[in-house]
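Right, one structure below, let's go through it.
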Amino acid sequence: MILFLFILILVAGAFLAWLSAVVNKELPRWIALLVLLFELTIAAGIWWQLDEAHRWSSSQWLYTFQQPWMPRFGISFSLAMDGLSLLMLVLTFFLGTLSVLVSWNEIKEKTGFFHFNLLFVLAGITGVFLTMDLFLFYFFWEVMLIPMYFLIGIWGHGNRVYAAFKFFIFTQAGGLLMLLSILGLYFVHAHNAGAYTFSYFDLLNTPMAVETGRWLMLGFLVAFIVKLPAVPFHTWLPDAHTEAPTAGSVVLAGLLLKTGAYGILRFVIPLFPEASHYFAPGVMLIGAIGILYGGKLAYAQTDFKRLVAYTSVSHMGFVLLGAFAFNALAYQGVVMQMITHGISTGALFMIAGSLYERLHTRELGKMGGLWPALPGMGVVTMIFVMASLGLPGLGNFVAEFLILAGSWQAQPWITALATVGLVIATIYSLRIMQKVFFGTSMREYKLPDLSIREGLMLIPLIAAIIWLGLYPQPVIDAVKPGIPLSFQTTTHHQQDVVIHPPK
Amino acid sequence: MGPAFYIAAAVAVISTLMVITRYNIMHALLYLIVSLLSIAVVFYLYGAPFMAALEVIIYAGAIMVLIIFFVMMLNLGPQTAGEERMWLQPRIWIGPSILCAALLLELGYLILQPAHATGDIHVVDPKTVGKTLFGPYILAVELAGMLLMAGIVGAYHLGRQKKKITHRFLERTSS
Amino acid sequence: MSTSDLLSLLPLLILSGSAVIAMLLVAIRRNHRVMHAFAVLAFLAGLLALFVQPYTVPYIIAPLFVVDAFALFNTGLILVAGLSVLFLSYNYFEQREERKEEYYILLLLATVGGLVLVISQHFISLFLGLETMSISLYGLIAYLRARERSDEAGFKYLLLAALSSAFLLFGMALVYAYTGRMDFPGVGAFLKSVGSVPVSVVAGFGLMLIGVGFKLGIVPFHMWTPDIYEGSPLPVAAYIATVSKGSMLILLMRFYRDIDGYEYTILWWVFAIIAMASMFVGNWLALLQQNVKRLLAYSSIAHMGYILIAFLAGLHAGQEAVIFYLVAYVITSIGAFGVLAILSDRVRDAEMIDDFEGLFWRNPWLATIFTAMLLSLAGIPLTAGFIGKFYIVAAGVDAGLWLLLVLLVINSVIGLYYYIRIIAVMFQPAKEEQPMGRMPFFGIFALTALMLLLIWLGVYPSGLISVIREMMLTMG
Amino acid sequence: MQWIYLIPALPFLGALILVLFSRAIGKTGVSLIGCGSVGIAALITLIAGGQFIGGGWQQFTLPLWNWLSIGDFNIGITLHLDALSLAFTFVITFVGFLIHLYSTGYMADDPDYARFFACMNLFVGSMLMLVLADNLLLLYLGWEGVGLCSYLLIGFWYKDPANGAAARKAFIVTRVGDTAMAIALFLLVQHTGSLQLSTILARATQLWAQGDPTVTLIAFLLLGGAVGKSAQLPLQTWLPDAMAGPTPVSALIHAATMVTAGVYLIARTNILFILAPAAQATVAIVGAVTLILAGCSAFVQTDIKRVLAYSTISQIGYMFLALGVGAWSAAVFHFITHAFFKALLFMGAGAVIVALHHEQDMFRMGGLRKSLPGVFWVFLTGAASLVAIPFISAGFYSKDQIVWLAWSSANGNIGYWLVAIIGAFITAMYTFRMVFLVFFGEEKTHVHHPPGRSMMIPLYILAVCSTFAGFIELPHTLGHITMLSDLLRPVLPSVPLQFESTGLEWVSQGVAALLSFLGIYIIWRSLYIPFPVGLKEFWKNGWGFDMAYDRIFVRPFVLLARWNRRDMVDKLYTGLAGLTRSFHRAMSATQSGVLRWYIMGIVMGAVLILSVIIWRQYVV
Amino acid sequence: MITSTTAGLTLAGILFTLGLISILIRRNIIFMLVSVEIMLNAAGLAFVVAASRWGQPEGQVMFMFILAMAAAEVSVGLALILQLYHQLKTLDSDEASRMRG
């Protein structure tokens, strides 16, 4: 029931926020903030008590919820939560809260509808992270597009409509292919087992012909790597990120991309183990290419947000690389990457938003020499730039290291290629600092440094990224029960090497 | 089939050909009446005397006359012939004709399938037709009434003179 | 004619009778309001009559009609669609300086034609139903004579409909000539008895397909659609999009059932090619269309392509999907045209895409309804269109129509573009604050009801699904 | 010893305080926190060292908390203190403290005083983390951390874009090496399932035979990391540019501590190198080649700090040579003495630079012997140590050990020895060229501010150290004290010798000393050696490495980036969209509104349907 | 294989095609309407021929309905042509192409 409430409260809050705008234009903000804080508290509370919960339930699932929906098709409103979903929810509500805060001053018009969309997209994302019915999954997958479309298309910057279109069409195209695959799987299962069901648990371990499995897997995969996004399906992302309002960028980069990664971990690999293994080298190669290509493009950009957007392409390449390495190290790394990328990129977008509020430009060429005026923001930016280039001690490093160390065991050459990405990450990340804060300023800026609200937004992010960098164990422990069993034994080529447990 | 059929058929086809090649609409319509009359003969030969009568009375008699009357009302006859001559050039008609010829060939091929050899003509007298019409198909007759009603209402509504015509073309010419 | 025959045909009789009475009413005194109320009552009575049907098993009124659950359901669908169109009509026509009363007579007659199509199982009733509807539509399309394009549209429709009817008739004649039967079950029985089906009969079916395809507006018989949608009054366009196409589709389904149409692979392929072509042509034509009426016309071509995919998926899941999609499509189309109708003013219809600029900020409710309709057309969740599309894809996957489905996916994406384009325009900041006039109560009421229905079906489709399923099961 | 965590923690804490509260505590507070944190850390190190030596040289491991634990793979935030890390910790905290002290004078007028000390503290903390780490991942943390601080400090005067470029170059070039090192870590994880140093080193001998390709690969990759950080061939190009930072930074990071991290790494993982002779030989060759190349470059520089930078590269080359020939403790010894005298030289140069109002060109200096006598003397001490003037300089003992072992150790040969000797000769020449140019001759620039006390005191202390620090380890020929190598014995294997010959050792020492004096003499006679100008330019530009990298890597990348800024993949989609649009136009043409055309469509459809049906019937 | 049925159907087919050609090549809308009548008539002929083959009255019944439909069609069609003529002042069907695209 609590799982259902997660979604319900968000939806209810969304409508409430919309309606409350009639009373007062500021009211929607407060409603959205309270709703999200409330959900964040609950989710964090569950995480806090995770150890106990794991002790109580023997399986990986902490909570489940099920209601029949369309029995004709074997569709039920089935939700379940394990450590992975829990982490994603915490991230969702965390970034959701921040995106309400970040739009406090930015969004001045149509606040009610804005917060309606914001909460609605979060509800969709929550649904995606919780649902255990493939139809329902597709349902939520699509539901989150529309409000996101509005967020970009109404409150975005100059070229917003184009960006919103592109975003929508790309993801929809991938989604429809996934629908085909979902249905294919459904019927394959039905022909085998005689029971028509979309239930994730029933569809696991569906026996199917090798060829079929591969085709179906590709359908899922395309949807997810479009969302992720991986090269060559990434081109919607720079536009969408650039044109979206700050909150939109945060949600996009922090959460929406994660739904793709989540989908790969939750659906592609468990549902199609054979096909996943078959395609793994290719997919990992795509990931590695994404890392390099995204990094290279990030370097070339002159628009701050666009640059950050391309770094997302690069970073999400790691997810692809790690997810298909099939071992616990990489798996944990992928989860870490999802969280830390959400935090670091979200923070960078917030900084971009703050700079835009002050300078009214996103062009790097028009910035420079801002350090004397904005030392606080400079420090914060430095931290997240360093996180983005994978500096040890910050969360992203843990993620990237685990991914690379894990994927090395599966595909050394591809991993070596991906590791070059670290250098490129350095190149583009340092370029941000140089272009924005260092050098001489064109004119003497008299700008306010971080306001209290911005501090309130950024300090939790800094705390989180450092905490994850130095003590990521809670995340690892939360994910652990959900890692597929086959991952636990490392599958590297040198089978003769016995790994001893440490003393 | 007897020679009567072939003669009637030839007349029908030739007169129809004349219909589609005439420039003058009046001539064309008259040829069409000829064509319809010859088809009435064909009906008769095929054992449908009642239909033959209806063809003459309603098709040739009523519908065509209606059209002729309409054409005369608009006073179109000789004027449009020139236009029609201008329009009816090989450039226009060759393509469609080839297409239609292809269609005709296909239809002919289909009709002349060998499988159906029975060729007897059964006469169906008007009495049977009437009994059938007002027996099982009585609902269809009533429906046909609805159809005609729709036609009447539609024609009535559309045929009225317009009170206000806002077409710019007319405004321009009237002023 | 027994009492139960008449009782079974009650909706049809009620509408026919009220058409006659309506004509008399016009003769007595012209009053738009009274006519409208009368027509509404007639439709409501027709709907009520559905509930007094004596039989649940298929009831055959030899040789023309069959009344079964399928027919009753679709009768209901057509009546509801007609009723919704009526709700939209009053205000639309009230604004216009025409005689409005004949419109209702023609609408009733057209609906009679549609109802006949739904229950007919004989070439004669098929033909008469089709023509009753067509001839009423000639009048309806060209109804607003003050408008430049209405005669053009009417005449185009007339000529093309007559032409396609000629093909239909010729095809029927061929079938009749080689089978000796004109009722669908008879034709089916004959074909089953001869073993190998003569090619001429198949060709006859093919020629009939032209007539059917014209009414459905599928490629290559689609070209009339945009012109007729553009030229006709908006309620009429809604009517064509729903009742005219829907009843023809239902007839096609019944015909296919009775003759075991899925046995003829060649017809299957013809339909498949038509479906593919319809999807692509429809969507491509709609892509950059600036006129929303034309855009909806083109999108309807594409939607017919989608429906054909479901239709091709087979007797069970496929035809269920067709019905569901049809229901969704009817709701959505009427909703979309209804929004256009309400936005139209005395002078012109709100048909250009610019007319919608900033609609959301001027009239949020109407814009929300339109958005919901467009999203449903695009097949986005929370709307019936989504479930419909899902149903189609499910049926297609079950039947293994992968090629068609992949094309459907591609087309959905193309389609998405132009639906979203309209939405984007609606959500753009308004250029100037122009206050909207008073909204017609009935129109808004009908549209709101449609939107709620749309969302209800999108969120909880089980009810409708089980009804459709039961209905299809009784047909065997 | 539980409190050794304070050693890295204090500087970190200092950095944190300086970042957050710099405004609140004022300049004095900044100085106090900045120097104090490092100073206390140095004190603790001394105490810890005392306990360590007193406690029977027992290694000590302090687990702080669990960092990562995934299945069998466990990494802790764990400190590890043994002789090697103690030696490094001592140098870092002690020299670090002195440099901090010096900085309070050097940076006194800088508006970003607090930021400077924050970065310096952060650096010290990271460096301590590096050397105290018990596992390679934590080491990597420190490794990257010092890289970051180096970046921040090189670009400290951010207003000049050139400084920023130098900073980024440093970070990126070292990052290239780090990437290699990261891959080495992956390999270690794969094969040993751990990153804990003790576990790795223990398992390595079980897993791999000598010369096993895997371990060779690992060693080479580690070497990659080391050459990056230690500015050895081929990744040495960043260090000369790194002189853009304030001089204390150059002293601390780019001379005394960070650049020797590579030495530390190789020494730390010595077993892996011993298992991979090819890699070890490469270490030696890299060291040898680097020391000559850098020496030549140092010889033709005009900027005083660049001379010292190239000299640092060259001296680290010595350390690498030592590592390569298996003289592990000799490398560490040279690291210690080098830290003293190079820091001294840098800070002396810094004093000169400040005194001359930020003039760095040696040819604009001169005659400072009189105006800055204190600086002159300490500088001369440092120079003597660098040149390895026999007996009275620490550098003599450490360098001499390397020179000798380059020949006599099992892995050594006479070629290495020759290189080392020639290197010593070149060192003497460029060092005294610098001394003569700066302190002798006529005064070309007037002294503005003579250095204050806070600057001079550290110089004096370091001068003492660079004179006497050599006595912790004396060669066979001279007293034979082995304090350091004994201390290091549990960690670092002793040198296997090819032969032992006191006589030859005398010869080696003598030749080295002679050549040094010869070098000084030549330079004394003529400051200008008539090399061809082209060669000079070539040397001055670091043997063209910069240019080559620029041509091979930088420019193509930038060009590629610029050329593909708009993302050509996007063209694919926009092209697709355009294609769809043109389809739309083509289709729209069919909707001409002409009735006959519509009819034509229907007829064509009819013909097509019939054709398909007939064709099908005909075919089947 | 000429039998009475095929002969009659062939005649119907020829007339049908002629009507089709006519509608395709004519631009005068009255001609077009007339052409459609030719085609409908041809279809009716086919029904009558088919009815005679089977000796059933249904085909003839159908013909009667076709007749009724043709009549209704022509009446509405002429009304529309009248309007169109008033509007366009011409009977050229190509002129009636204001809606396109």
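Here is how names work: the chains are called A, B, and so on, in the same order as the sequence lines, proteins then strands, and each is numbered from 1. Owing to the predicted nature of the structure, the values given are computational and were not obtained by experimental measurement.
Of the two parts of I387(C), only the side chain, counted from C-beta on, holds a non-hydrogen atom closer than 4.5 Å to a non-hydrogen atom of chain A. Looking at I420(C), the atoms closer than 4.5 Å to chain A (heavy atoms on both sides) sit in the backbone and in the side chain alike. With a 4.5 Å cut-off on non-hydrogen atoms, V161(A) touches chain C through its side chain but not through its backbone. Contacts of L375(C) with chain A are made by side-chain atoms alone, with heavy-atom separations under 4.5 Å and no backbone atom involved. With a threshold of 4.5 angstrom between heavy atoms, I169(A) approaches chain C through its backbone and through its side chain.
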Would you check, one step at a time, whether the test side-chain contact (heavy atoms from CB on, under 4.5 Å) holds for F165(A) with L416(C)? CA-CA 9 Å; F165(A) 263 73; L416(C) 200 62; over 6 Å; no
Step by step, work out the side-chain contact (heavy atoms from CB on, under 4.5 Å) result for F390(C) and I182(A). CA-CA 11 Å; F390(C) 169 75; I182(A) 289 177; 5.9 Å; no
From CA spacing to verdict: side-chain contact (heavy atoms from CB on, under 4.5 Å), F139(A), L382(C): CA-CA 8 Å; F139(A) 183 84; L382(C) 294 175; 3.4 Å; yes
Might you work through the side-chain contact (heavy atoms from CB on, under 4.5 Å) test for F73(A) and I465(C), ending with a clear yes or no? CA-CA 10 Å; F73(A) 293 114; I465(C) 288 174; 3.5 Å; yes
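Nearest heavy-atom pair, V143(A) versus P381(C), reported as atom, atom and distance to 0.1 Å: CG2-CB, 3.7 Å.
Counting only heavy atoms from C-beta outward, the side chains of I154(A) and F360(C) never approach each other to under 4.5 Å. Side-chain contact between F150(A) and I423(C): present, with at least one pair of heavy atoms (C-beta onward) separated by less than 4.5 Å. A 4.5 Å side-chain heavy-atom check between M70(A) and P461(C) finds at least one atom pair inside the cut-off. For the pair I380(C)/Y149(A), no side-chain contact is recorded, criterion being any heavy-atom separation below 4.5 Å from C-beta on.
Within residues 107-122 of chain A, the residues having any heavy atom closer than 4.5 Å to a heavy atom of chain C are K110(A), F113(A), F120(A), listed by residue number. Using a 4.5 Å heavy-atom cut-off against chain C, no residue of residues 124-132 of chain A qualifies as contacting. Using a 4.5 Å cut-off between non-hydrogen atoms, the part of residues 3-24 of chain A that approaches chain C consists of W18(A). Within residues 174-181 of chain A, the residues that have a heavy atom under 4.5 Å from a heavy atom of chain C are L176(A), L177(A), L179(A), L180(A), listed by number.
Most heavy-atom pairs under 4.5 Å with chain A, from the set A394(C), A424(C), P364(C): that is A394(C). The candidate from V397(C), I410(C), V413(C) with the greatest count of non-hydrogen atom pairs under 4.5 Å with chain A is V397(C).
Surrounding CH2 of W215(A) are at most 12 heavy atoms belonging to other residues, nucleotides or ligands under 6.0 Å away.
Residue Q428(C) holds its CD atom at 7.5 Å from CZ of R160(A), rounded to the nearest 0.5 Å.
Judged by distance alone, with hydrogens and angles left aside, the side-chain atoms of S462(C) form a donor-acceptor pair with the main-chain N or O of W69(A) at under 3.5 Å.
Between F386(C) and F135(A), the ring planes lie tilted relative to each other; the angle falls in the 30° to 60° range.
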